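Here is the structure we will look at, set down as structure tokens.
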Amino acid sequence: MCLVLILGFAILGVASAQEKIKAAFIYVGPIGDYGWSYAHEQARQIVDEAYPWLETIYVENVPEGEVEGVIDRVINQEKVDVVVTTSFGFMDGTLNAALRYPDRIFFHCSGFKRAPNMATYMADFHQIYYLNGIMAGALTKSNKIGYVATFPIPELKRHINAFTLGARRVNPDAKVFVRWLQSAWYDPTGAKEAAESLIAEGVDVLAFTEDSPTVVQVAQEHGLPSFGHYSPMLNFAKESVVSGQLVHWEAIYFDFFAKIYAGYYNNKNLENVDYWWLLREKAVELGADFGVPVNPVFEERLKNFVVNDPMYGEVNALELVELLEKAMSDPEYVFSPFNGPIYDRKGNLRVREGERLSLEELLTIEWAVEGVEGSWPGEPE
């Protein structure tokens with residue numbers, strides 16, 4: 001939805017709207033992490049500037065176990081009307097606060113618990129990870145791809161699985177070796193150590209979920225391809241970053257706040273409001289940088305990697321990425337990375353041919369697909 005239309009929606013509802021909305025955004029990391037919290041902060045600034053009736057503040061570096069106290073402060077001292085919490089680990093604290101403050105509105109990112117005054121949202125990357133996986137599978141020479149991950153929650157497992165499925169679509173011998181940090185979302189030291197360890201074990205392509213550009217910088221030092229995460233990382237490693245996952249949280253924030261201002265959303269009708277926005281809603285973008293889907297440095301290598309794809313026939317890796325990105329952007333959502341048949345790494349059939357994982361299954365996934373190597377906390381027996 002474009003900004004003009006969203007603003008038009010707000011203007012149409014102005015008669016029933018309050019004059020001003022004040023919102024607090026709560027971040028788990030520093031706004032300078034150049035990852036998750038940074039991306040949310042950029043979106044906050046965009047929406048704050050665009051809507052004259054919206055005033056926003058933010059609180060950064062909030063430990064997940066301390067979010068309720070921060071919510072109490074922004075409501076009681078800052079007098080905010082809306083609280084936006086931007087970490088999965090804030091879920092229970094946000095819900096508790098929503099029950100304590102029924103006259104306020106709460107918006108929680110990446111969770112699944114809601115209330116009459118609490119909605120949820122996610123701009124999910126599983127489609128983009130699948131496309132990046134295709135490129136990783138085409139670029140690896142050792143068939144060993146490394147992945148530095150933070151916490152083993154379903155979101156990360158979903159993304160790693162999609163990445164692995166993409167790699168093995170074009171290279172059935174490819175394997176993805178995972179290292180879990182389980183320390184913090186922002187841990188440059190841990191990310192560097194994990195990346196170096198994976199390289200020492202023979203991986204020649206790197207991807208990650210950690211809120212700094214450390215992994216792509218390590219990859220460049222070793223002359224290896226890598227994939228960015230959440231924010232544009234091309235400028236940190238111009239010879240290494242192939243592509244990445246880019247987010248447009250502002251797409252969701254524009255829509256949500258406009259509907260509050262118009263009176264369409266209120267503190268009594270949010271229990272079934274759950275944004276799950278993907279490529280088709282333009283909430284996410286494939287890219288090494290905004291507007292740069294693939295680093296030109298790697299285009300020739302990707303074009304030279306030709307496969308006989310079951311859907312498109314003989315096609316090179318770059319063409320396949322472009323075709324699938326178009327398919328997944330279709331309003332009918334004709335292709336899912338989790339279309340069956342899919343086996344887990346223990347050999348169990350998890351998704352039958354002709355079926356795909358449901359949204360609920362994607363949100364709660366714990367098992368690892370075939371091709372994932374390394375520890376997998378919480379893996380079903």
Side-chain angles (χ1 to χ4, degrees), residues 28-30 33-36 125 129 132-168 171-231 233-234 236-245 288 295 298 301 344-346 366-379:
V28 71
D33 64 7
Y34 217 73
W36 176 271
F125 279 144
Y129 269 106
N132 280 326
I134 288 172
M135 290 185 276
L139 292 170
T140 180
K141 298 177 181 179
S142 67
N143 294 327
K144 299 177 73 173
I145 301 166
Y147 198 106
V148 177
T150 46
F151 296 103
I153 62 175
E155 177 190 334
L156 269 69
K157 292 179 177 180
R158 175 172 69 247
H159 294 166
I160 295 168
N161 280 338
F163 183 74
T164 305
L165 289 169
R168 290 171 67 86
N171 183 350
D173 294 326
K175 294 183 178 181
V176 175
F177 294 79
V178 181
R179 290 287 187 279
W180 299 101
L181 301 179
Q182 299 198 62
S183 51
W185 293 104
Y186 179 72
D187 183 5
T189 300
K192 179 177 176 62
E193 291 173 354
E196 295 281 8
S197 172
L198 286 164
I199 292 170
E201 294 179 15
V203 309
D204 60 358
V205 179
L206 285 167
F208 67 101
T209 303
E210 185 272 332
D211 290 338
S212 79
T214 301
V215 171
V216 301
Q217 292 170 322
V218 170
Q220 177 149 298
E221 290 173 4
H222 290 267
L224 301 177
S226 64
F227 293 85
H229 178 64
Y230 272 110
S231 300
M233 294 191 172
L234 182 61
F236 289 97
K238 292 186 177 181
E239 302 301 315
S240 172
V241 175
V242 182
S243 186
Q245 311 89 38
N295 186 347
F298 292 94
R301 286 178 63 181
D344 67 22
R345 66 179 186 172
K346 295 183 177 182
E366 292 288 354
W367 48 272
V369 300
E370 186 178 17
V372 172
E373 299 286 333
S375 68
W376 197 260
E379 184 172 26

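In what follows, residues are counted from 1 in the order of the sequence shown. This structure is a prediction, so every number in the text was calculated from the model and none was measured.
- Scanning for side chain to side chain donor-acceptor pair (under 3.5 Å) contacts around W185 gives E64, with sequence neighbours left out.
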- Task: Under the side chain to side chain contact (heavy atoms under 4.5 Å, CB included) rule, what do Y129 and T209 come out as? Steps first, then yes or no, please.
- Result: CA-CA 11 Å; Y129 269 106; T209 303; 3.3 Å; yes

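- Dense packing is recorded around NZ of K144, with more than 12 heavy atoms of other residues, nucleotides or ligands lying under 6.0 Å away.
- Smallest separation of non-hydrogen atoms from R168 and A174: NH1-O, 2.9 Å.
- Listed for the S240 side chain is a donor-acceptor partner under 3.5 Å among the backbone atoms of L224.
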- When you look at T140 and D204, which way does the side chain to side chain donor-acceptor pair (under 3.5 Å) test go after all the steps? CA-CA 6 Å; T140 180; D204 60 358; 2.6 Å; yes

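- Nearest heavy-atom pair across M233 and Y34 is CE-O, 3.4 Å.
- Of all heavy-atom pairs spanning A368 and N161, the tightest one is CA-OD1, 3.5 Å.
- The backbone N or O of A191 sits nowhere less than 3.5 Å from a side-chain atom of T214 that would complete a donor-acceptor pair.
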- Message: Please determine whether side chain to side chain contact (heavy atoms under 4.5 Å, CB included) holds for the pair V148 and L198, giving the CA-CA distance in whole Å, both sets of side-chain angles, and the decisive distance to 0.1 Å.
- Response: CA-CA 9 Å; V148 177; L198 286 164; 3.9 Å; yes

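- L139 and P225 make their closest contact through CD1-CB, 4.1 Å (heavy atoms, listed as atom of the first residue, atom of the second, distance).
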- Task: Could you walk me through whether K346 and E379 pass side chain to side chain contact (heavy atoms under 4.5 Å, CB included), step by step?
- Result: CA-CA 10 Å; K346 295 183 177 182; E379 184 172 26; 3.8 Å; yes

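- For K238, the NZ atom counts as loosely surrounded, since its 6.0 Å shell holds 12 or fewer non-hydrogen atoms of other residues, nucleotides or ligands.
- For the side chain to side chain donor-acceptor pair (under 3.5 Å) test, residues two or more places apart in sequence or in another chain that qualify with Y230 are E155.
- Contacts classified as ring-ring contact (aromatic ring centres under 6.0 Å, His included) and involving residues 191-221 (residues at least two apart or in different chains) are given here: F208-H229.
- Taking CD from E366 and CH2 from W376, the interatomic distance works out to 9.0 Å, rounded to the nearest 0.5 Å.
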